[in-house]
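These notes are about the structure you will find just below.
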Amino acid sequence: METIRWSVDINVEKQKSYPHISEAADFLRQGHVIAFPTETVYGLGADATSDAAVQGIFEAKGRPSDNPLIVHISTPDELQDLVASISPEAGQLIKAFWPGPLTIIFNKKAGVFSDLVTAGLDTIGIRMPSHPVALELISHSGKPLAAPSANTSGKPSPTSAEHVARDLTGRIKGIVDGGETGVGLESTVIDCTVTPPMILRPGGVSAEEIKACIGEVHVDPSLKKEQSAPRSPGMKYTHYAPTAPLYLIKGKADWIQQTIERLQGEGKKVGLLASEELAASVKADIVKMCGTREDPSTIARGLYHAIRSFNDTNADIILAEAFDEKGIGAAIMNRLEKAAGHKWINESSS
Ligand code: TXA
Ligand code: MG
């Protein structure tokens, strides 16, 4: 399959009455799979009401079929026709965080979505993204769009059209290229079918922000443990992993330097994934920087690109700096824990 690539500058598109977005939306209506930018990561979209279209997503990604997809809408008004009810907490969250990086789990309305979207569950995850290209594409298609992250299953989510092209060229109809994404990590997933609501995946909206909005909120306890079954089916799979084994590392800079030299002494090429601050004080064979500790949102934005870029190096092992878990830091550490398979090298236990 030839994969079309549309470069979209939203201001130019608008002046010309959305030529590229209309073309991509036509393909979506015909049941094709199209990748598009959101403010979090690129999504792999298809008509959520069509079995054949949604099947195309699972095939292109190689995604296990027991892992449900998020549905994307372009205005909160569309919810009425898609969900059985909207709890007061869900209503408050929608007001505060939509459009934006928050996926809310509702009880679904029967007979609307393809069963493949929900993997047989009675619930449905929905979000209204804030990226202008995503919003126009959804509204031009006239369909709710099921869209997981547009990576091959197991790889880090794509934060640029180039990442999507590397994983999926020849496997999908097209890629709407809207430049690099902003947040860089996926949306927060919160289940509002339970009381109090429960965060199933940390993401672009922090637990602190959610608490400030609705008061009591739980966090899925299994997120912290390697073994137990998480409530968000997708959280159980290995994810975001580069080819070389990745370890989280925590300790003072001089101890990290000694650890790197010990590994080099064993003949290993050592990669370091670090903030500007740590990268300035430690030497390794390959260093990828992903932002500054001063502003954790820069680390979130650069993280997946940095992880992916190790695959173009000869690193035998990657050491990833551990960050503070405040705010967006919870999502950063959740993704790094998964990329590391929960493997740590810790000064305090060595
Ligand atoms: O930022 C994002 O959320 C991106 C962009 C493209 O919108 N999408 C994304 O989708 O990350 P995906 O499929 O890679 O992750 C969806 C997560 C999975 O962990 C899945 O198991 C969970 O949401 N999920 C979806 N529906 C669910 C449901 N009904 N109940 C519990 N978890 C659900
Ligand atoms: Mg994903």
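Counting starts at 1 for both ligands and their atoms, in listed order.
- At a cut-off of 3.5 Å, with distance as the only test, a side-chain donor of Arg127 or Thr40 sits close to an acceptor on the other residue.
- Proximity annotation for atom 8 (N) of ligand 1: of Ala147, Gly203, Gly43, Ala146, Ala147 comes nearest, heavy atoms only.
- No N or O atom of Thr38 sits closer than 3.5 Å to an N or O atom of ligand 1.
- Side-chain polar atoms of Thr193 and Asn107 form no donor-acceptor pair below 3.5 angstrom.
- Counting heavy atoms under 4.0 Å from ligand 1, residue Thr123 touches it through both backbone and side chain.
- Remark: the backbone N or O of Lys155 is not paired with any side-chain donor or acceptor of Thr152 at under 3.5 angstrom.
- Ser149 lies close to the Mg ion (ligand 2), since one of its N, O or S atoms is found at a distance under 2.8 Å.
- Interface atoms of ligand 1 facing His72, defined by a heavy-atom separation under 4.0 Å, are 5 (C), 6 (C), 7 (O).
- Remark: ligand 1 atoms within the under-4.0 Å shell around heavy atoms of Leu121 are 28 (C), 29 (N), 30 (N).
- For ligand 1, the atoms sitting less than 4.0 Å from at least one non-hydrogen atom of Asn67 are 18 (C), 20 (C), 21 (O), numbered in the order shown with element in parentheses.
- Remark: ligand 1 atoms within the under-4.0 Å shell around heavy atoms of Arg201 are 2 (C), 3 (O), 9 (C), 11 (O), 15 (O), 16 (C), 17 (C).
- Under the 4.5 Å side-chain heavy-atom criterion for grouping Ile, Leu, Val, Met, Phe, Trp and Tyr, Ile104 is not connected to Leu145 through any hydrophobic cluster.
- By the 3.5 Å distance cut-off applied to N or O atoms, Thr40 is counted among the residues near ligand 1.
- When heavy-atom distances to ligand 1 are checked against a 4.0 Å cut-off, Leu200 comes that close only through its side chain, counted from C-beta outward.
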Q: Test side-chain contact (heavy atoms from CB on, under 4.5 Å) on Ile73 and Met128 and set out the steps.
A: CA-CA 5 Å; Ile73 58 177; Met128 176 185 172; 4.2 Å; yes
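- Close approach of ligand 1 to Ser149 (heavy-atom distance below 4.0 Å) involves ligand atoms 8 (N), 9 (C), 10 (O), 12 (P), 14 (O).
- Other residues, nucleotides and ligands contribute at most 12 non-hydrogen atoms within 6.0 Å of the CD atom of Glu180.
- At least one heavy atom of Ile105 sits less than 4.0 Å from an atom of ligand 1.
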Q: Apply side-chain contact (heavy atoms from CB on, under 4.5 Å) to the pair Phe310 and Leu246, showing each step before the final yes or no.
A: CA-CA 10 Å; Phe310 277 108; Leu246 184 144; 5.9 Å; no
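- Relative orientation of the Trp6 and Phe27 rings is tilted, given thresholds of 30° and 60° on the angle between their planes.
- Here Arg63 has side-chain heavy atoms under 4.0 Å from ligand 1, and that is the only part of it that gets that close.
- The backbone N or O of Ser22 lies less than 3.5 Å from no partner atom in the side chain of His140, so there is not a single donor-acceptor pair.
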